[in-house]
Amino acid sequence: MKKKVYVLGLGLIGASLCRSIKNSEITLYGWDHQAETRKIALDVQLVDQIVSLDEAPAMDVIILAVPVRSTLHYLHELARLPLKKSVIVTDTGSTKNEVMTLAKTLPFTFIGGHPMAGSHKSGVKAGNPNLFEEAYYILTPPEGIDVEPLMALLEPTRAKFVVIEPESHDEIVGVLSHLPHIVASGLVSMSDQLAGKYPRATQLAAGGFRDITRIASSDPQMWTDILLTNRSILLELISNWQNQMADIRESLVAEDQPAIYEFFSQAKQFRDHLPAKDHGVIPAFYDLYVDIPDIAGAIAKVMTVLSEVEISIINLKIQETREDIFGVLELSFKNQQDLEKGRQLIEAEKFNCHKRS
């Protein structure tokens with residue numbers, strides 16, 4: 001008999017998982033709280049059937065592809081249902097400690113999961129079967145639970161599976177993802193206030209500032225859930241961050257040039273040795289910047305070169321922050337391979353391209 005797999009939540013992650021794992025050996029069921037998403041999922045055959053939570057007792061695997069606090073809610077609901085003794089329940093949330101603490105009280109097998117992948121786009125239409133390729137997929141199973149059956153189901157994602165303790169996971173992603181999102185959002189808030197005083201500040205905030213604060217363009221509800229479910233770790237991390245900022249402030253007050261230099265030098269050394277090609281906690285952005293001279297048809301020429309070889313562009317934007325040229329065309333690609341191929345084609349047409357490292 002076919003294995004029955006149930007995916008609750010058909011946004012970017014849930015839809016991408018469906019597209020990755022759907023095959024003739026499983027019957028794929030789905031559900032989303034938005035009626036329009038449910039309709040789209042059926043129309044595009046993302047899943048075989050749309051069913052409510054009442055059908056969960058018939059399932060062999062249940063994947064909760066929803067925000068963390070929604071995961072907690074669904075786990076309580078599932079605990080009230082007569083699920084199969086052999087059922088495996090997993091999630092895709094960005095924090096694991098609170099979920100795994102609840103898992104200890106559940107009458108079924110729960111394996112925490114966190115696919116470290118994302119996209120510029122969201123929603124069911126953004127589902128991409130290649131979203132998880134070469135990305136780290138964290139699993140946090142309870143002690144003694146075999147993760148092989150779940151990994152076998154998720155193998156078509158072509159992700160790199162890592163088993164880790166939930167406390168370690170939350171501390172790692174707290175430093176590498178959650179705190180950076182807080183800092184980025186704080187910087188954007190400061191620039192918003194600055195724009196009230198200097199209207200041109202918004203225009204000048206393009207380029208590097210826009211890049212380092214890009215992660216602030218994230219779902220507010222999702223990040224509210226993440227902060228609240230990783231609260232204790234983030235409170236400590238924020239205190240440590242404030243201490244570091246206090247130290248650099250004191251160095252600045254004292255005009256301590258060696259201390260300031262060392263602050264930047266240590267950061268540069270560590271940053272320069274970070275892996276350049278691996279997928280990390282924060283989704284990578286594959287952006288290429290093309291200098292566009294003030295010549296009629298220049299942008300059209302760039303886009304034609306890419307379209308002729310069917311290279312897809314996720315997003316494009318014209319930056320007008322330089323005086324010597326008309327603008328900089330910012331192109332966002334799906335992956336590094338498309339970026340490099342696109343760069344070669346565009347440079348062959350005598351355009352100057354550059355990336356930010």
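- Annotation: salt bridge (charged side-chain N to carboxylate O under 4.0 Å, His left out) contacts involving residues 5-17, sequence neighbours excluded, are absent.
- Across all non-hydrogen atoms, the minimal contact from Ile311 to Gly342 is CD1-N, 3.9 Å.
- The stretch residues 186-201 participates, sequence neighbours left out, in no salt bridge (charged side-chain N to carboxylate O under 4.0 Å, His left out) pair at all.
- Grouping Ile, Leu, Val, Met, Phe, Trp and Tyr by side-chain contacts under 4.5 Å, direct or through others, puts Tyr198 with Leu194.
- The CG atom of Asp170 sits 7.0 Å away from atom NE2 of His178, with the distance rounded to the nearest 0.5 Å.
- Within the structure, salt bridge (charged side-chain N to carboxylate O under 4.0 Å, His left out) contacts touching residues 82-101 (residues at least two apart or in different chains) are Asp60-Lys84, Asp91-Lys96.
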Can you list, pair by pair, the side-chain donor-acceptor contacts under 3.5 Å of residues 125-132, counting residues two or more places apart and other chains?
unit_1: Asn128; atom_1: OD1; unit_2: Asn130; atom_2: N; d: 2.9
unit_1: Asn130; atom_1: OD1; unit_2: Arg158; atom_2: NH2; d: 2.4

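- Considering Ile138, Asn97, Leu139, Val162 in turn, Ile138 is the only one that fulfils the side-chain contact (heavy atoms from CB on, under 4.5 Å) rule with His169.
- With sequence neighbours excluded, the residues forming a side-chain hydrogen bond (donor to acceptor under 3.5 Å, both in side chains) with Glu77 are Arg80, listed by chain and number.
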Can I get a per-line list of side-chain donor-acceptor pairs under 3.5 Å for residues 21-31, giving both atom names and the distance, sequence neighbours left out?
unit_1: Lys22; atom_1: NZ; unit_2: Gln45; atom_2: O; d: 2.4
unit_1: Asn23; atom_1: OD1; unit_2: Glu25; atom_2: N; d: 2.7
unit_1: Asn23; atom_1: OD1; unit_2: Ile26; atom_2: N; d: 3.4
unit_1: Asn23; atom_1: ND2; unit_2: Ile21; atom_2: O; d: 2.9

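- With sequence neighbours left out, Arg343 forms a salt bridge (Lys or Arg N to Asp or Glu O under 4.0 Å) with Glu347.
- With rounding to the nearest 0.5 Å, the separation of NE2 in His114 from OG1 in Thr90 is 11.5 Å.
- Every residue meeting the ring pair (Phe, Tyr, Trp, His ring centres under 6.0 Å) condition with Phe161, not counting sequence neighbours, appears here in chain and number order: Tyr137.
- For the residue pair Thr157 and Ser20, no side-chain donor N or O sits within less than 3.5 Å of a side-chain acceptor on the partner.
- Within the 4.5 Å cutoff, side-chain heavy atoms of Ile164 are placed close to those of Ile172.
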Would you give me the side-chain donor-acceptor pairs under 3.5 Å for residues 3-10, sequence neighbours excluded?
unit_1: Tyr6; atom_1: OH; unit_2: Val51; atom_2: O; d: 2.8
unit_1: Tyr6; atom_1: OH; unit_2: Ser52; atom_2: O; d: 3.1
unit_1: Tyr6; atom_1: OH; unit_2: Leu53; atom_2: N; d: 3.4

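- For Asp54, the salt bridge (Lys or Arg N to Asp or Glu O under 4.0 Å) criterion is met by no residue, not counting sequence neighbours.
- Glu262 and Gln266 form a side-chain donor-acceptor contact under 3.5 Å, judged by distance and modelled atom types alone.
- Asp225 and Gln221 form a side-chain donor-acceptor contact under 3.5 Å, judged by distance and modelled atom types alone.
- With sequence neighbours excluded, the residues that form a salt bridge (Lys or Arg N to Asp or Glu O under 4.0 Å) with Glu349 are Lys301.
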